[in-house]
Structure formats: C-alpha cells, structure tokens
Amino acid sequence: MKITNTLSGLKEAFIPQGEEVKMYVCGITPQSEAHIGHAMSYINFDAIRRYLRFRGYKVRCVQNFTDIDDKIINKAAALGVSISELAEKNMADFMTDMDALNVSRMDLYPRATQEIPKIIEIVQGLVDKGFAYPAEGSVYFRVTRLENYGNLAHRTLDQMMAGARIEPGDEKENPMDFVVWKAAKPGEPSWDSPWGKGRPGWHIECSAMSLRYLGDTLDIHGGGQDLIFPHHENEIAQSESFTGKKPFVKYWMHNGLLRLGEEKMSKSIGNIISIKQALSKYSVDAIRIFILGSHYRSPLTYSPEALEAAEKGAARLRQALESSTSGGKSISLDTAGVLKRFMESMDDDFNTPQALAVLFDLTRELNRLRDEGEDISQAQNLLKELSEVLGLTLKGVEKTAGGSDQFIQLLLDTRNGLRQAKQYQLADDIRKRLEDLGVFIEDTAGGTTWKARR
RNA sequence: GGCGACGUAGCCAAGCGGCAAGGCAGGGGUCUGCAAAACCCCCAUCAGCGGUUCGAAUCCGCUCGUCGCCUCCA
C-alpha cells in the first residue's frame, strides 16, 4: 500500500510500526453544527480505516473534541448558555451525524477539558527543556529552538515572517511563538497550573491526547488541509520536543477542502450546509458516493447537481442488490479480477474514485448475467462486501410502516387484474396516482414490485 | 508578497510517459400492452504556447485562469 505523506510530499510505501495501526483523526471544536465539509473529511478517513481493516490491519483510532477555546467561549456567551452545555449539545449532535453518515465509531473520543493533567505535564516538560517559556501567566513555545519548524507546511520561518500578518504580541520573544498555555481572563473557565490559573492553548490538546492514548509515534495522523499550518506544524513541534522522539507521526494525511461556489465551506465565511440539511435531501449513500467519487486529497465543490447524480448512481447499486437471483446456472463472473482491481485502486493512496468505478463495472456485469439467467448471488455478495469497505449501506428507502403496505398490495393486485383484462388506461392511472404518492411500480416477468421513494 | 495545489467530454471525476476509468445528462437500439428498471451501441485528445522523448493529458519552461495556506477553521 502507498500513502501520500504531506511531510515528504511523496507517495510512500505504508509500513506501520506494529500489528496495530495507530491513527489519529483531528476532530472538531464543538461550537456549532457540523457541516458537510466535516463530513467530507470524516467520510474519507472512514473509508481509509475500513480499507485498512479489510486489508487485515488492526486499527486503533482516536478523535479529539476540543471543547474549550475562544470560539466556544464567545459563542456560549452570545447564546447565553454555559460552555459545557453548548459543547455537550454539539458533541451529541456530531455523534448523531456521524452515525447517520455511517462513519464507524472511533475507539476513543477524548475531550480537551478532561486531559488537563496531561496537558500541564507536557507544558511543564517543554518549559523544563527550554522549548517553552512562561510570560505573564501564559506559556509560549519557542519556535526558534527548532531547526525543522515549518517542514510540514514546507515553509521556513523567514518565509512565514514575510507574510507580515503576524502580530508581535508583547509577551512573545518571537512573533511566531505560539501559546501552549493561556493565562485566564476574568469570567472564563480556568484550571490551576504552575503558572497560575489558565487554560490550554489550541494545538496542545491534540499532542496530549495522541501521546497519552496512542504513544509517542503515530502511524497515521489525518485532518483537513487547513490544519497543516499552524495546527499540525505546532503539534509536531510540541510532541517531538516533549518526547525527544522523532517522528511524532509516520504518515501525515490531509484531505482537500470542500467548496461551496468559489470558496471553501467554512464556519467563519458562513457558507455552510449542515450535515443534517444534506441528509434531509440526499441519502447517506449519495453523500458518500459524491465524496468518495473524488480523490481525498482533491478539493471538491458541493452542488445539487453533483449530489443528484450521485443519488442516481446509488440507486443503481441498490437496484443490483435488490434484483432477484432466479437462475441456476454456474457463475461466469471473474470475482478474483474484480477484487484485484478494487484492491489495486485502494492500495494506491486510497483511490476511492477508481474503486467506485470497479463497483459500477461489477454492477453492470451483474445485471448482464442476471439478464442471461445466471445465478448472481455470488456477484451480489461481492458487491455488498466491497460496498461496505467504502461504507455504503445500499439500503433502500424503508417501505412504509405497518398497515399501508397491505393497501398498496391490494391496489397492485387490482391493477394486475385490470391489466389482464387489458384495461390499460385504468391500470396506468393507478400507477400514476401511486407515483404521485411516492410509490413507484415496476412490472417484471416475475410480477409487480414497488418501492417508496421520496 | 511567500509557499502549495489545480485546470481532462454538457456537468462531476479517475488516469500522471505507451493507443482517454467511472457516474450523471444526451442520442440510437433490445425488452415491455405502455411505463419503469436493465442490457447493448454511440458521444473528449486532456486551458494555451514552446521544449524533452521513438512516443506526453502525463516530464520541463512560459502564459492565462482558479483554489488553498501564511489569521479561527475538517
């Protein structure tokens, strides 16, 4: 398997440290509802995890909740609710969204506010070794102590300074120094520390959680491209300085960002479509096909047209699993070939668009064999298995609950009576009216079937 | 200004040195009482210009256009 490593900029052979792949996927700051940009990141990394498991790896994956930071504090104040109340609500919503998107659960979801002792331990360690210094109750990381600062972002300190957007902050020795521990402001939540009351800076929580739950060296650390700098760059600085071990992460993976129109979808710009909004219009499978239909490192633009196209594609895959498997002849499907193509695609830096193409090809082949009267159960099982690797559910829309099924069946029976009597106008009228109610009919050789669609 | 990525059919999107995957839409067939579904066939020379090579969408250079990061952000 090969993975593109952001640090080297190269596609590298994937060799994990041990039996278990240690993986960390940057989570959210639970300040508001998650949007489909988040969905894009987490669906991509979900497919990656699923494939690693499919390939026989054990995977231990951790995802943080950064439940304390400026944004949450301000937002909670604006809404007039407590910080924990806001965070709890958004974390619960996030889990609901992830479940709805069929993103498999992480092994652990640590929270920044519950990792304070580990965070203080790291900050203290950094101060002891001279990598960080206290100033006015805060503690800053001394960026100039590192030779390789900027490596992940492929930038040097000088180049960053040239950006000239950095505000020098009086307490800092160097404008690029970043805060690892923030002195408390009045009215804000705070914890006791050797430097007085304060709270963690951004970045430090991820170092604390990954070191604590996965060890000094991770195999894979993932997140959106917008996290490369400064977030992940700073994580490397803190973690490696604290443990004295390199590398902190063997493979850095970053997904491209979702755009809406010509801009990145982002909370600060406000051009957001929430996961719930998307799910109210499109099926999970459509959303996953839309996202996995583009390579994880490429940017993707959200559009109703693209989602609708994905929805139709999803319907085709589903249809292939729903069709009956009547024939009794032996199988002439090249299952090994299909599997090989699928794995070659995924082995190559998780090329999900190509893997999806394999599924669509398999679907066409399956339908063809069915039309020729072959037993297609094996092909269907393969399609089901590979779809699950990509996290597709391929579940049809539920038939209506309870009673109405019987009435629909009654109408179909009546209509088929009319058809036999060649009363086609009446039969077509029933079909049309059922369609208006969201019930779609198909007359096949084996009888009439129906399904509910929105 | 610095760093990075990208520009492939009507739309979305793989391929990254050897005769252009896949999805959606479109056209033509088969099947069907008609629909629907499904199957078969058709539909691009890869932003532009120049170079390297037996051979380039794929490598190099320039031009044009777009996006991301450098500040909170998946």
Side-chain angles (χ1 to χ4, degrees), chain A residues 6 9 25-29 31 34-45 63 69-71 74 150 153-156 158-167 176 202 222-231 233 254-259 262-269 289-290 293-295 297-301 303 305-317 319-320 322-323 341 345 348 351-361 363-372 419-420 422-425 427-428 431-432 435 440-445 448-451:
Chain A
T6 305
V25 177
C26 260
I28 57 157
T29 301
Q31 47 155 316
H35 60 252
I36 38 179
H38 297 113
M40 177 177 175
S41 184
Y42 300 136
I43 284 173
N44 276 137
F45 283 108
Q63 180 165 54
D69 92 320
D70 294 349
K71 286 277 168 99
N74 296 338
H154 300 286
R155 251 174 254 162
T156 64
D158 289 344
Q159 287 174 332
M160 289 186 242
M161 300 291 281
R165 292 204 210 167
I166 318 128
E167 291 180 25
M176 288 305 293
W202 186 41
Q225 274 168 359
D226 52 352
L227 294 181
I228 295 172
F229 194 91
H231 188 55
E233 190 73 59
H254 293 98
N255 63 274
L257 302 176
L258 189 71
R259 307 198 312 211
E262 289 300 285
E263 275 180 313
K264 172 176 83 162
M265 182 176 294
S266 119
K267 289 181 209 169
S268 47
I269 298 173
I289 287 172
F290 165 66
S294 147
H295 187 79
R297 292 176 49 243
S298 303
L300 185 61
T301 304
S303 75
E305 295 76 21
L307 267 296
E308 274 152 28
E311 189 72 83
K312 299 237 175 96
R316 252 187 88 212
L317 296 181
Q319 186 78 26
E322 282 168 8
S323 53
R341 267 222 295 152
S345 302
D348 184 14
N351 193 329
T352 54
Q354 223 161 53
L356 264 178
V358 174
L359 296 196
F360 280 107
D361 285 340
T363 295
R364 180 176 306 103
E365 184 66 6
L366 184 160
N367 285 327
R368 222 198 75 234
L369 295 175
R370 182 206 54 214
D371 285 357
E372 287 172 5
R419 288 175 69 212
Q420 272 167 13
K422 297 201 188 295
Q423 301 268 4
Y424 294 123
Q425 273 203 330
D428 290 350
R431 180 172 65 203
K432 177 69 174 56
E435 267 179 28
F440 291 76
I441 295 176
E442 286 182 26
D443 296 319
T444 68
T448 299
T449 63
W450 65 274
K451 63 182 73 170

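Here is the naming used below: chain letters follow the sequence lines, and residue numbers restart at 1 for every chain.
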Please measure how far the [atom1] atom in [N] lies from the corresponding atom in [M], and state the result in whole Å.
{"N": "B/rG28", "M": "B/rU66", "atom1": "C1'", "result": "38 Å"}
{"N": "B/rA14", "M": "B/rG23", "atom1": "P", "result": "15 Å"}
{"N": "B/rA20", "M": "B/rC3", "atom1": "P", "result": "37 Å"}
{"N": "B/rG48", "M": "B/rA9", "atom1": "P", "result": "10 Å"}
{"N": "B/rG10", "M": "B/rG26", "atom1": "C1'", "result": "8 Å"}
{"N": "B/rG15", "M": "B/rU58", "atom1": "P", "result": "15 Å"}
{"N": "B/rA13", "M": "B/rU8", "atom1": "C1'", "result": "9 Å"}
{"N": "B/rU45", "M": "B/rG61", "atom1": "P", "result": "27 Å"}

*In terms of the nearest nucleotide of RNA chain B, which residue is placed more toward the 5' end: A/His154 or A/Ala306?*
A/His154

*By nearest nucleotide on RNA chain B, pick out whichever of A/Ser294 and A/Gln425 is the more 5' one.*
A/Ser294

Measure from [atom1] on [X] to [atom2] on [N] and round the result to the nearest Å.
{"X": "A/Phe229", "N": "B/rA74", "atom1": "CZ", "atom2": "C1'", "result": "18 Å"}
{"X": "A/Glu233", "N": "B/rG4", "atom1": "CD", "atom2": "P", "result": "14 Å"}
{"X": "A/Leu307", "N": "B/rA13", "atom1": "CG", "atom2": "P", "result": "12 Å"}
{"X": "A/His295", "N": "B/rA21", "atom1": "NE2", "atom2": "C1'", "result": "15 Å"}
{"X": "A/Phe360", "N": "B/rC12", "atom1": "CZ", "atom2": "P", "result": "17 Å"}
{"X": "A/Glu372", "N": "B/rC31", "atom1": "CD", "atom2": "P", "result": "16 Å"}
{"X": "A/Leu300", "N": "B/rC6", "atom1": "CG", "atom2": "C1'", "result": "13 Å"}
{"X": "A/Phe45", "N": "B/rA74", "atom1": "CZ", "atom2": "C1'", "result": "9 Å"}

*Is the aromatic ring centre of A/Tyr424 closer than 5.5 Å to the centre of the six-membered base ring of B/rG33, with the two planes inclined by less than 30°?*
yes

Donor-acceptor pair (no angle test) under 3.5 Å: [X] side chain, [N] base:
{"X": "A/Asp428", "N": "B/rG33", "result": "yes"}
{"X": "A/Arg419", "N": "B/rG33", "result": "yes"}
{"X": "A/Asp443", "N": "B/rC34", "result": "yes"}
{"X": "A/Arg364", "N": "B/rC39", "result": "no"}
{"X": "A/Arg431", "N": "B/rC34", "result": "yes"}

Is [X] close enough to [N] that one of its side-chain N or O atoms is under 4.0 Å from OP1 or OP2 there?
{"X": "A/Arg316", "N": "B/rC39", "result": "yes"}
{"X": "A/Lys432", "N": "B/rC34", "result": "no"}
{"X": "A/Ser266", "N": "B/rG68", "result": "no"}
{"X": "A/Asn367", "N": "B/rC39", "result": "yes"}
{"X": "A/Lys264", "N": "B/rC67", "result": "no"}
{"X": "A/Arg259", "N": "B/rU66", "result": "no"}

*asked:* Quick check against the 3.5 Å criterion: does A/Asp348 have a side-chain atom that pairs as donor or acceptor with the backbone of A/Asn351?
replied: no

_Nearest-0.5 Å distance that lies between atom CG in A/Asn44 and atom OG1 in A/Thr352_ = 6.0 Å

*Kindly assign one of parallel, tilted or perpendicular to the pair A/His38 and A/Tyr42, based on the angle between their ring planes and the thresholds 30° and 60°.*
parallel

_Regarding A/Arg368 and A/Asp371, does a basic nitrogen lie under 4.0 Å from an acidic carboxylate oxygen?_
no

*Is a salt bridge present between A/Glu322 and A/Lys451, judged by a nitrogen-to-oxygen distance below 4.0 Å?*
yes

Sugar-phosphate only, base, or nothing, as touched by [X] at under 4.0 Å among non-hydrogen atoms:
{"X": "A/Leu258", "value": "base"}
{"X": "A/Arg155", "value": "base"}
{"X": "A/Lys71", "value": "base"}
{"X": "A/Gly223", "value": "sugar-phosphate"}

*asked:* A/Met265 vs A/Met40, test: side chain to side chain contact (heavy atoms under 4.5 Å, CB included). Steps then yes/no.
replied: CA-CA 11 Å; A/Met265 182 176 294; A/Met40 177 177 175; over 6 Å; no

*asked:* I want to check something: taking the side chain as every heavy atom from C-beta on, are A/Arg155 and A/Glu233 in contact at a cut-off of under 4.5 Å?
replied: no

